[in-house]
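Just the heavy atoms: all of them, side chains too, but no hydrogens, waters or symmetry mates, feed the values below. Chain letters run A, B, ... following the sequence lines, proteins first, then strands; residues in each count from 1.
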Number of protein chains: 2
Amino acid sequence: MRQTSKAQRNRRRVTANIHDVAKRARVSIATVSRTVNRIATVDPVLANRVWKAVDEVGYVPNTQARALVSGRSRILGLIVSDITNPFFPELVQEFENLAVAQGYEVMIGSTSNDPGRTESLIRRMLQRSVDGVAVMTFGIDQEQVHKLVGPEFPLVFSDAGPDRPNVRALKVNYGEGIRQAVQHLAALGHRRIAFISGPLRMRTAVTRRDAFRKAMTELGLVAPGLYIVEGDHKMEGGKAAMEKLLAQAELPTAVICSNDMTAIGVLHALDETTLKVPADISVVGFDDIRLAQFMLPPLTTVQMSCKELAAAAVEALRAGIEPDHPQSPQKEWPVATRLVVRRSTGFPRGTLPALGKASAGRGRAKARA
Amino acid sequence: MRQTSKAQRNRRRVTANIHDVAKRARVSIATVSRTVNRIATVDPVLANRVWKAVDEVGYVPNTQARALVSGRSRILGLIVSDITNPFFPELVQEFENLAVAQGYEVMIGSTSNDPGRTESLIRRMLQRSVDGVAVMTFGIDQEQVHKLVGPEFPLVFSDAGPDRPNVRALKVNYGEGIRQAVQHLAALGHRRIAFISGPLRMRTAVTRRDAFRKAMTELGLVAPGLYIVEGDHKMEGGKAAMEKLLAQAELPTAVICSNDMTAIGVLHALDETTLKVPADISVVGFDDIRLAQFMLPPLTTVQMSCKELAAAAVEALRAGIEPDHPQSPQKEWPVATRLVVRRSTGFPRGTLPALGKASAGRGRAKARA
DNA sequence: GCAGACACGGTAAGCGTTTGCCGCAATCAC
DNA sequence: GTGATTGCGGCAAACGCTTACCGTGTCTGC
């Protein structure tokens with residue numbers, strides 16, 4: 001008959017626990033806990049003994065147990081729409097650095113703009129009891145998230161009204177950057193400026209498009225409906241949208257894109273024609289991903305600093321989570337944008353002949369302004 | 001005087017727990033637990049009652065408590081070297097999909113090839129008691145990881161000898177893909193083929209370079225030392241390396257790059273000269289990131305399927321974690337590579353004059369083969 | 001010198017699970 | 001009808017931590 005002892009029951013413990021430290025420092029586990037959590041009332045002599053013991057036995061507090069009893073996991077959820085869009089990894093990295101610096105871990109998920117994925121992602125995050133979630137999808141259905149989480153759950157959205165008690169919003173100033181872009185093009189002499197938007201069910205895509213329209217109007221330019229084409233914030237969509245523009249009777253002399261990936265698709269579409277960038281057509285992106293400066297030609301684009309965005313997101317989340325955060329009541333967090341001029345924009349050529357899509361691989365001459 | 005009751009002590013519980021379910025189903029918590037964990041010995045009648053109750057109270061098992069008692073967190077660690085390199089987000093996404101399908105969560109971290117970051121990352125993962133870690137950095141110091149984790153800890157490396165009990169290795173067949181690339185170029189008539197490696201402290205970078213040398217030798221070609229330049233697996237390094245090659249007396253007619261980002265940097269460097277791709281010089285990448293086909297011209301590259309890689313990583317990890325995984329003893333997991341020919345490679349032009357770096361922005365003619 | 005106040009450390013009660021052990025009831029062999 | 005066997009559910013003990021409460025020791029004021 002097997003002897004069923006305590007020892008047998010134990011799965012092999014690999015790390016030291018609070019009792020080991022307590023024994024070694026000749027104090028109670030309460031004192032160890034208080035010391036480790038930097039509660040000020042611990043006698044410095046004991047605290048020293050504790051820290052020494054911690055070091056000696058290599059004690060690392062068990063996060064699961066901590067979370068279990070405290071009800072806080074120190075995990076931040078970060079939801080992005082498409083991790084394979086280079087903007088997001090940059091954002092993720094910044095976010096993570098900041099979160100880790102504050103003692104948080106980050107749980108990342110990308111939704112691919114699929115409500116099903118979004119729902120399961122939120123559920124998974126809730127199940128891991130994240131302390132709060134930043135939704136940086138630029139256009140998720142906010143309602144969907146609200147339905148899944150409690151009314152007091154700390155939430156941060158990029159671009160949305162903070163209509164709930166513990167919801168904060170990142171207010172990206174799209175208007176400013178896009179106005180700068182339009183102004184830049186207008187100053188160069190462009191009049192026929194097209195815009196390729198993101199998928200219009202995304203709130204942000206609509207916001208950017210509207211900012212474009214507004215900027216055009218303010219400068220006394222017209223943005224004909226045919227010059228506003230819907231893309232998908234990906235290279236494929238940018239390419240397709242540009243091809244649509246190319247099929248029109250009168251070509252635009254400049255194209256502003258709702259993000260950089262779209263602009264890359266546009267460059268690609270233009271490469272298959274005889275049109276040169278920027279001599280025949282200027283292209284402006286949005287985001288300023290690192291890749292933008294490595295495009296051929298380097299992309300003029302509206303910079304939305306993901307450092308700034310990440311910082312605002314982390315702080316806004318902390319404001320919702322930590323009861324004594326200084327900016328706790330603040331509900332809106334501004335994020336700036338600004339134009340970065342590179343080499344994909346230039347003076348427009350005189351009047352262009354209407355021109356369909358040229359066959360790919362034709363010889364062409366390329367010259368820069 | 002405040003009444004310090006049990007009720008007060010409780011932080012507001014927001015989700016139902018196992019006791020609520022047990023009460024409602026009129027069974028013990030043990031039965032609930034067994035039902036939820038699909039232990040077969042539960043009477044179907046009771047099981048039904050339990051499932052019904054679970055549904056009614058909206059019970060979701062608390063992951064922290066589960067992890068605490070079972071010692072398994074159902075979190076997989078995934079370490080990549082640089083999340084902003086587009087190859088990795090693609091890998092991350094695949095990995096995550098597969099892991100989630102198996103009921104795991106993923107904790108991601110990128111090291112930026114910094115040993116300090118690597119160490120803190122591993123520590124953080126251990127603190128969150130991940131069940132295993134896949135190290136896909138293509139060149140991390142394996143020793144560093146071994147020093148931090150216990151000897152039995154489930155680990156998967158891309159490219160490394162499985163010299164420890166619970167370590168598995170993904171064996172990417174670099175040789176095959178690179179051989180195909182060299183062969184492709186040789187068949188087109190190239191003889192002077194250069195190679196831009198990754199940072200040589202990365203094991204994988206060395207492996208790829210050696211594969212290149214071997215392939216060259218096998219085909220009776222020589223790879224002079226001057227034609228092998230070190231890059232950094234980023235665009236910047238690719239650009240710098242290409243500039244080094246351009247400074248040489250006799251230019252190569254083709255360049256193979258250790259990854260696609262390097263190739264993008266190369267294209268960029270060449271764009272600032274009068275040399276055309278592929279007419280004057282052919283360029284081959286490695287990885288086949290999605291962006292590769294959107295380069296100008298679309299990049300011929302060696303595909304390393306990140307789907308395949310992710311699948312191998314997840315399965316290898318599971319083999320190390322789950323005691324009854326079918327492929328548990330398998331130590332090496334093969335991953336194939338193959339050449340994808342696009343438009344950045346072509347026939348070499350006749351003998352080229354030695355040519356330094358031309359000034360940027362010079363007019364140039366571009367023609368495709 | 002003594003009562004009261006105060007500071008600080010220890011005890012123990014949870015947090016929400018999993019799981020070994022035990023006991024009850026039902027089944028079976030004879 | 002009895003005793004042995006089996007199946008299955010409940011009890012309770014962990015897992016490692018935080019923290020309310022309490023007790024002890026020291027200090028202060030009179």
Are there any protein N/O atoms within less than 3.5 Å of an N/O atom in nucleotides 8-12 of chain C, and if so, which ones and at what distance?
from: C:dG9; atom 1: OP1; to: A:D43; atom 2: N; distance (Å): 2.8
from: C:dG9; atom 1: OP2; to: A:T41; atom 2: O; distance (Å): 3.3
from: C:dG10; atom 1: OP2; to: A:S28; atom 2: N; distance (Å): 2.9
from: C:dG10; atom 1: OP2; to: A:S28; atom 2: OG; distance (Å): 2.9
from: C:dG10; atom 1: OP2; to: A:T31; atom 2: OG1; distance (Å): 2.4
from: C:dG10; atom 1: N7; to: A:R34; atom 2: NH2; distance (Å): 2.7
from: C:dG10; atom 1: O6; to: A:R34; atom 2: NH1; distance (Å): 3.2
from: C:dG10; atom 1: O6; to: A:R34; atom 2: NH2; distance (Å): 3.2

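Rounded to an integer number of Å, the gap from B:K23 NZ to D:dG10 P is 15 Å. For the pair B:L68 CG and D:dC15 C1', the computed distance is 4 Å after rounding to whole Å. One interatomic measurement links the two molecules: NE2 of B:H19 to P of D:dA12, which rounds to 12 Å at whole-angstrom precision. Atom pair B:R72:CZ and C:dT18:C1' shows a separation of 13 Å (rounding to whole Å applied). Look at CG on B:D20: it is 11 Å from C1' on C:dG16, rounded to the nearest Å. Computed from coordinates, the A:R66 CZ to D:dT18 C1' distance equals 10 Å when rounded to whole Å. Straight-line distance from the CD atom of B:Q64 to the C1' atom of D:dC15: 13 Å, rounded to whole Å. Distance CZ (B:R128) to C1' (D:dG16): 15 Å, rounded to an integer number of Å.
For A:R123, the salt bridge (Lys or Arg N to Asp or Glu O under 4.0 Å) partners are A:E119, not counting sequence neighbours. Not a single side chain to side chain donor-acceptor pair (under 3.5 Å) links A:E94 to another residue, sequence neighbours left out. Looking at residues two or more places apart in sequence or on another chain, you find no salt bridge (Lys or Arg N to Asp or Glu O under 4.0 Å) involving A:R49. By the side-chain contact (heavy atoms from CB on, under 4.5 Å) test, B:E90 is found to be paired with A:T84, B:I289, B:R290, B:C306, residues two or more places apart in sequence or in another chain being considered. Among residues two or more places apart in sequence or in another chain, the salt bridge (Lys or Arg N to Asp or Glu O under 4.0 Å) test is passed with A:D131 by A:R72. Legend: residues meeting salt bridge (Lys or Arg N to Asp or Glu O under 4.0 Å) with A:R24, ordered by chain and number and at least two apart, are A:E56.
No engagement by B:V32 is indicated, since no non-hydrogen atom pair under 4.0 Å with the nucleic acid exists.
Annotation: proximity of residues 49-57 of chain A to DNA chain D (heavy atom, distance under 4.0 Å) is found for no residue.
Distances shorter than 4.0 Å separate none of the side-chain N or O atoms of A:N62 from OP1 or OP2 on D:dG16. The phosphate of C:dT18 (OP1 or OP2) has a side-chain N or O of B:N37 nearer than 4.0 angstrom.
Of all nucleotides listed (D:dG16, D:dT18, C:dT19), C:dT19 comes nearest to the side chain of B:S33.
No hydrogens or angles considered: nothing links the side chains of B:Q330 and B:R168 as a donor-acceptor pair under 3.5 Å.
Remark: side-chain polar atoms of B:N48 are not paired, donor with acceptor, to backbone N or O of B:W51 under 3.5 angstrom.
For residues 106-118 of chain A, the set of pairs meeting the salt bridge (Lys or Arg N to Asp or Glu O under 4.0 Å) definition, not counting sequence neighbours, is empty.
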